[in-house]
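So you know, we letter chains A, B, ... as the sequences are listed, proteins then strands, and number each from 1. All values reported here derive from a predicted model rather than from experimental measurement.
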Amino acid sequence: MSGQTMVTSDKLKRFSIFKYLTDEKLSLIAEIADEQDYDANTEIFRQKSPAKNLYLLLEGRVVIKLKCSDERMVVIDEIKPGEIFGWSAITDPYTFTASAWTTESSKVIIVYGQLLRRLFEDDKEIGFYIVDEIATLVGRRFRALEAKLADMLCRIKG
Amino acid sequence: MMVSIENLKNFIIFKDLNERELLLLCEIAKEITYEAGIRIFEEKSLARNLHLLLEGKVEIRLRCSDAGYVVIDTIIPGEIFGWSAITDPYTFTASAWTVENTRLIVFDTDAIADLFEKNNHIGYRVVKALASVIGRRVRALETKIASTMCSQ
């Protein structure tokens with residue numbers, strides 16, 4: 001992991017979760033975010049740790065891994081630029097249930113979860129539009145996993 | 001049939017709302033009953049309603065390519081299903097079937113979206129709680145898939 005830099009509203013506009021926010025509202029998000037570089041094969045967050053930040057991938061590639069009971073790790077998702085990860089920072093119980101690792105050198109925007117949740121409470125318009133987009137993303141993730149599980153079950157059944 | 005505030009209080013997505021806010025939701029909620037063995041909605045159809053289960057049991061089924069199906073989830077009272085109704089692209093990706101006589105609360109997609117737009121504070125609290133519910137379901141699925149992958 002190396003240096004942090006300021007985040008601009010323009011960079012935030014690359015992410016669909018902010019699509020309904022004005023420049024003025026985006027600047028409030030930019031104030032509670034930092035840009036962070038990670039080398040390849042670095043752990044960004046660990047399964048079961050407190051979910052302190054929401055992550056937005058600007059460049060590079062990140063995989064989401066779950067630990068097997070024998071300590072092996074399996075990849076359950078892959079994150080590409082323009083996508084978000086670590087949304088456990090927004091959803092109760094605020095604990096990561098998987099780990100995130102870079103597979104390439106990556107540039108990430110970190111939004112501080114506690115400050116973001118406080119901003120949502122102070123400005124319900126920001127809160128509503130962002131959680132609505134996050135619910136959509138989590139819903140999409142659910143559907144993808146549902147299809148994967150159905151595929152596994154259909155094969156077992158067949 | 002009219003829906004009471006008490007009925008809505010059974011659901012975690014409304015836990016942060018006060019009585020006045022719950023009353024606004026009651027005004028656009030409907031109670032519906034189904035007999036066992038009825039399809040409530042079909043895979044790939046337009047998601048017009050959000051469903052909250054008061055009584056009974058509902059299976060979420062996905063079709064296999066050989067025209068059979070698999071049950072990927074079972075919904076029990078106090079749980080929500082059909083939340084594709086309030087998340088883009090508003091299309092059901094699975095079908096829902098009653099397996100017992102069932103009593104539901106349903107919200108029309110347009111009416112609830114309109115209420116959230118006019119009252120962002122209600123929208124924020126309900127959708128945030130809903131995102132947590134979906135998040136928990138995602139984690140349950142991830143664990144199920146990982147355990148199948150781990151055993152291979």
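Formation of a donor-acceptor pair under 3.5 Å by the B/Glu43 side chain with backbone atoms of B/Arg63 is found in this model. Side chain of B/Asn10 to main chain of B/Asn7: a donor-acceptor pair is present (N/O by atom type, distance under 3.5 Å, no hydrogens or angles). Not one N or O on the side chain of B/Asn119 forms a donor-acceptor pair closer than 3.5 Å with the backbone of B/His121.
The contact between A/Phe120 and chain B is made by backbone and side chain atoms together, counting heavy-atom distances below 4.5 Å. A/Ile76 touches chain B through its side chain: at least one heavy atom from C-beta onward sits under 4.5 Å away, while N, CA, C and O do not. Of the two parts of B/Ile134, the backbone and the side chain both hold a non-hydrogen atom closer than 4.5 Å to a non-hydrogen atom of chain A. For B/Thr143, the part sitting under 4.5 Å from any heavy atom of chain A is the backbone (N, CA, C, O) and nothing else. For chain B, the nearby parts of A/Val138 are the backbone and the side chain; heavy atoms of each come within less than 4.5 Å. Looking at B/Arg61, neither its backbone nor its side chain comes within 4.5 Å of chain A, counting heavy atoms on both sides. Using a 4.5 Å cut-off between heavy atoms, B/Val71 contacts chain A through its backbone alone, with no side-chain atom that close. For A/Leu66, the part lying under 4.5 angstrom from a heavy atom of chain B is the side chain only.
At a cut-off of 3.5 Å, with distance as the only test, a side-chain donor of A/Asp34 or A/Tyr112 sits close to an acceptor on the other residue.
Within a 6.0 Å radius of OH in A/Tyr20, other residues, nucleotides and ligands contribute 12 heavy atoms or fewer. Within 6.0 Å of NZ in B/Lys44 there are 12 or fewer heavy atoms belonging to other residues, nucleotides or ligands.
Among A/Glu121, A/Lys67, A/Met73, A/Lys148, the residue making the largest number of heavy-atom pairs under 4.5 Å with chain B is A/Glu121. Of the residues considered (A/Thr91, A/Val74, A/Ile90), A/Thr91 shows the highest number of contacts with chain B, using heavy-atom pairs under 4.5 Å.
With a 4.5 Å cut-off on side-chain heavy atoms, A/Ile134 and A/Ile84 count as touching.
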